[in-house]
Amino acid sequence: MAHRRCLLSLARHATAIISQKKMPPLSAVEVLTRKPNPAITIPNSELSWFSFWSHSRHFSSSKSEDSETEVEVEMEEASDVEAENDNAASDLGRDYSPEEKEAEAVAIGYKIGSHQFKVSNGDSIFTERLKFCEVNDKLILNKVLLLGSPTQTIIGRPILPDAAVHAVVEEHALDAKVIIFKKKRRKNYRRTKGHRQELTKLRITDIQGIEKQEIKTDGKPLKAAVKNPEKIAAAV
Amino acid sequence: MALRGVWQLKKLIVSYCDWGGSSRGIRAFMESELPTFKEKNPQLEVVPELIRGQHPHLKGFYKNKNERVVCVKNMTPEDILLYATRLRNALGRKVVKLKTRHVTKHPSVQGTWTTDVKF
């Protein structure tokens, strides 16, 4: 069933560029799923063109080192306030923006909450508190699983090496208090504990690794029914 | 506490008492750590205020006209610095339970799937 879905998605998209292991180029090789299996040959004539590149596999431990150095190098102080304002102004004008799923693993060695988010430009994310960054710091998150735009999808196995997401730390705040209440009935046991979780709010400013398109509409984002004729026309 | 690069905490009022014992920590804070805190945040207006006979507190005024009051009675200067930093780091929004952890204006880039979508 996953294969059928893959075929359908291939027929739908104009291109699907997928990163894969080093393989000798074959005639029609398309790797679709995230399974570490070799490619599935799709004899689909509806594909207008395809391309692939090979790259070396990055292991997660070295990746976290890379991300650590990148984060420490890229963190900038409040002098970026003006840059941030410009970014924010241009973000609001974008109707379509690349989305991507990202594994929040910027911090040194461990995953932030080990959660994955699907973000686009200009939205905010609440994660566990990041200890090493102050407010108004820029972060670069590079464990990116998937990049998507209205015409293109790039799937990583499991991460994309050249993709990056720029985010700015907006606030470090405490969540609302939750009361943890334990009781065992008829045993005279009752405990009440209050807990406030520390959170960090990140605002996504930029997504790199995919070409972006700015389609200026009248302000309302197009619905799926209108978009599909566009895409089918582009594919054929 | 910076919404799109703009700091949200405008003013911090440090209220203390010069006689009471619960203000001991905040008096030490004002001598030792308040000047460095002021220099680190030049955009913030820190105002010391004397209230005799009452417990000390920190009042933070945010840009969305929200006020947050933290009582710092019987606290050490390090704790008071932590609370002051927390006030500076936070936005002025009301502390409620989060509905979602991901706030977005573009929930779908390639179009939301409905049953009418044909691939």
Side-chain angles (χ1 to χ4, degrees), chain A residues 8-9 11-13 78 80-85 87-89 92 94-99 113 115 117-127 134-136 148-151 153 168-178 196 198-199 201 203-204 221-228 231-232, chain B residues 1-10 12 36-44 58 60 62-64 66 68-71 79 81-119:
Chain A
L8 290 176
S9 67
R12 175 185 164 223
H13 292 294
D80 282 319
V81 168
E82 297 104 42
E84 266 319 302
N85 280 332
N87 266 340
L92 295 174
R94 232 177 251 222
D95 277 342
Y96 293 105
S97 44
E99 62 174 20
H115 293 308
F117 296 94
K118 181 179 91 72
V119 298
S120 33
N121 214 325
D123 44 333
S124 339
I125 286 197
F126 287 93
T127 63
E134 302 288 322
V135 186
N136 261 345
S149 83
T151 49
T153 313
V168 173
V169 178
E170 264 203 12
E171 70 165 327
H172 288 305
L174 292 174
D175 207 359
K177 184 183 258 190
V178 291
R196 295 192 77 180
E198 304 238 20
L199 296 176
K201 186 174 179 192
R203 183 174 291 270
I204 309 290
L222 296 178
K223 297 292 178 193
V226 181
K227 265 169 96 165
N228 266 326
K231 253 184 276 174
I232 293 173
Chain B
M1 156 207 91
L3 195 64
R4 296 184 196 268
V6 180
W7 290 98
Q8 294 289 309
L9 185 66
K10 287 189 303 192
L12 185 67
T36 40
F37 186 75
K38 269 193 192 173
E39 263 137 55
K40 275 193 200 167
N41 307 287
Q43 80 284 346
L44 182 57
L58 297 172
Y62 290 91
K63 268 210 173 158
N64 56 358
N66 221 0
R68 271 178 69 171
V69 181
V70 180
C71 181
D79 289 341
L81 180 67
L82 173 72
Y83 270 104
T85 319
R86 273 206 193 137
L87 282 179
R88 178 201 62 124
N89 280 343
L91 299 177
R93 62 188 175 102
K94 197 169 160 192
V95 181
V96 287
K97 189 174 155 210
L98 288 176
K99 297 283 179 179
T100 85
R101 284 211 166 184
H102 178 203
V103 178
T104 174
K105 288 213 166 105
H106 308 284
S108 165
V109 176
Q110 298 179 354
T112 323
W113 182 85
T114 59
T115 44
D116 313 320
V117 164
K118 297 278 178 257
F119 290 125

Gap between atom CG of B:Leu98 and atom CG of A:Asp175 - 0.5 Å precision: 4.5 Å
Rounded distance [0.5 Å steps], CZ in B:Arg93 versus CG in B:Leu3: 11.0 Å
Chain B interface, residue from A:Ala176, A:Ala173, A:Ser124 that has the most non-hydrogen pairs under 4.5 Å: A:Ser124
Residue part contacting chain B, namely of A:Lys201, when any heavy atom lies under 4.5 Å: side chain
Proximal component of A:Leu174, with respect to chain B [non-hydrogen, under 4.5 Å]: both
Sub-4.5 Å side-chain heavy-atom contact between B:Leu81 and B:Phe37: yes
Segment of B:Thr85 engaging chain A (4.5 angstrom heavy-atom cut-off): neither
Any residue meeting side-chain contact (heavy atoms from CB on, under 4.5 Å) with B:Val69, in chain and number order, not counting sequence neighbours: B:His57, B:Lys59, B:Glu67
